[in-house]
2 protein chains.
Amino acid sequence: MPTPAPKPPSRADCTCGTRSAAAEPAVDRPGGTLLEDAADLFRVLGDTTRTRILWAIADEGRCVCDIADRLAMTPSAISHQLRILKQARIVRHRKVGRSVFYTLDDDHIRTLLRDAMEHAAEMAPPARPGGRRRIRT
Amino acid sequence: MPTPAPKPPSRADCTCGTRSAAAEPAVDRPGGTLLEDAADLFRVLGDTTRTRILWAIADEGRCVCDIADRLAMTPSAISHQLRILKQARIVRHRKVGRSVFYTLDDDHIRTLLRDAMEHAAEMAPPARPGGRRRIRT
DNA sequence: TGTAAATATGAATATATGCTCATATATTCA
DNA sequence: TGAATATATGAGCATATATTCATATTTACA
């Protein structure tokens, strides 16, 4: 959901003495867009089907029907998701005959996936006594 | 012949010779849930408001109204998002008088944010000649 | 104690999104 | 060339989700 209406509640609204004083030039430091780009990347990665696709092609390139088989989903559904991953430049593709092979674009993605799983693994024991816990957003 | 069966795409459907042979035990290796947990984490991070909140509290803890001021959004909207971040155990909170201070829970998040921005930064020049490009999912 | 401030939360709503279905395109091979 | 295969894509639908609004809760302070 793209950032909606920038409601302008004035700074003066908050009178709590605990508020940090220095009014920074902008909300986010590195130019704004960089942080938003990061959020976009996370959003693309934030879907189970897409992470499963990425995991499936993490070791070696695979064609669409191969991925579809492995995930037990229709090639159409996979293709739709691959389009999103392509647009985000997360995967690359090369055509071989009738097939199209997809691979990870670079190592950043592998690193992000690994780090996120690491975080999840460390989080798991204390946080999820009853197993997987779907976080509602 | 009426129509091809509903659609449980069996492995045999794909006859392309390019498909990888070895039928791996499962779609994803590390137990399945770990990969899904990673996707969940990404999903929570994949929202501009939430990344802006995280960035705002990356250096030091801030109260809700402070964050709201900085993002120029209502405390209610911020509070809703903080709840999601809390449930995902991405932020911690401590109460001080009427205010509630939020901080990042651990360094993993900082690392993920930094890596994602790094990826975005490297991606940027060739991929986005016209500036920020919203990726439709 | 009573009022105001800071935060939290439930309901409602507009929008976004993932999948299915139908169909188009591209490529191989008989 | 024509049939079959692999992939891509647009429309439609059911669901998810981010914000607003109203209201509840907690705490400080006069």
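Below, chains carry the letters A, B, ... as their sequence lines are ordered, and counting in each starts from 1. Since the model is a prediction, treat every value here as computed from it, not as a measurement. Just so it is clear, the values below take in all heavy atoms, side chains as well, and ignore hydrogens, waters and symmetry mates.
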note: I78(B), atom CD1; dT19(D), atom P; distance rounded to Å ~ 8 Å

Against the side chain of K86(A), the closest entry in dA8(D), dA8(C), dC19(C) is dA8(D)

Would you please name every residue forming a salt bridge (charged side-chain N to carboxylate O under 4.0 Å, His left out) with D47(A), sequence neighbours left out? none

To the nearest Å, how far apart are I53(A) CD1 and dC19(C) C1'? 12 Å

Can you run through DNA chain C from 5' to 3' and write each base as (, ), [, ], | or . depending on how it pairs? Watson-Crick or G-U wobble, both distances under 3.5 Å. ||||||||||||||||||||||||||||||

Would you compute the distance between atom CD1 of I57(B) and atom CG of D66(B) and round it to the nearest 0.5 angstrom? 11.0 Å

Rounded to whole Å, how long is the line connecting atom CE of M73(A) with atom P of dA6(D)? 19 Å

Length of the CG-C1' vector between L82(B) and dT9(C), whole Å: 13 Å

Tell me, do I90(B) and D105(B) make a side-chain contact under 4.5 Å, heavy atoms counted? no

Passing candidate, side chain to side chain donor-acceptor pair (under 3.5 Å) with Q81(A), options R52(A), K86(A), R50(A): R50(A)

Upstream residue (5' side of DNA chain C) when G46(A) and A77(B) are each assigned their closest nucleotide: A77(B)

When the distance from CZ of R50(B) to C1' of dA18(D) is rounded to whole Å, what number comes out? 8 Å

Is there a side-chain polar atom (N or O) of Q81(A) under 4.0 Å from OP1 or OP2 of dC19(C)? yes

Side chain to side chain contact (heavy atoms under 4.5 Å, CB included) filter on T111(A), not counting sequence neighbours, yields R114(A), D115(A), D115(B)

Among residues at least two apart in sequence or on other chains, which ones pass side-chain hydrogen bond (donor to acceptor under 3.5 Å, both in side chains) with R110(A)? D107(A)

State whether Y102(A) places a side-chain N or O below 4.0 Å from either non-bridging phosphate oxygen (OP1 or OP2) of dA8(D). yes

All ring pair (Phe, Tyr, Trp, His ring centres under 6.0 Å) counterparts of H80(A), not counting sequence neighbours: none

Where do N or O atoms of nucleotides 25-27 of chain D meet protein N or O atoms at under 3.5 Å, pair by pair?
| residue | atom | partner | partner atom | Å |
| --- | --- | --- | --- | --- |
| dT26(D) | O3' | K95(B) | NZ | 3.3 |

Interatomic distance, I84(A) CD1 vs dC19(C) P [rounded to whole Å]: 9 Å

So which protein N/O to nucleotides 10-12 of chain D N/O distances come out below 3.5 Å?
| residue | atom | partner | partner atom | Å |
| --- | --- | --- | --- | --- |
| dG10(D) | O6 | H80(A) | NE2 | 2.8 |

It should be established whether T74(B) places a side-chain nitrogen or oxygen under 4.0 Å from OP1 or OP2 of nucleotide dT20(D). yes

Between P on dT17(C) and CG on L85(A), what's the gap in Å once rounded to a whole number? 14 Å

Look at the side-chain N and O atoms of S99(B) and state whether any lies under 4.0 Å from the OP1 or OP2 oxygen of dA5(C). no

Apply side chain to side chain contact (heavy atoms under 4.5 Å, CB included) to R98(A) and list each qualifying residue two or more places apart in sequence or on a separate chain. none

How long is the line joining CZ of F101(A) and P of dA8(D), in whole Å? 12 Å

Is the shortest side-chain heavy-atom distance between L112(A) and L41(A) below 4.5 Å? yes

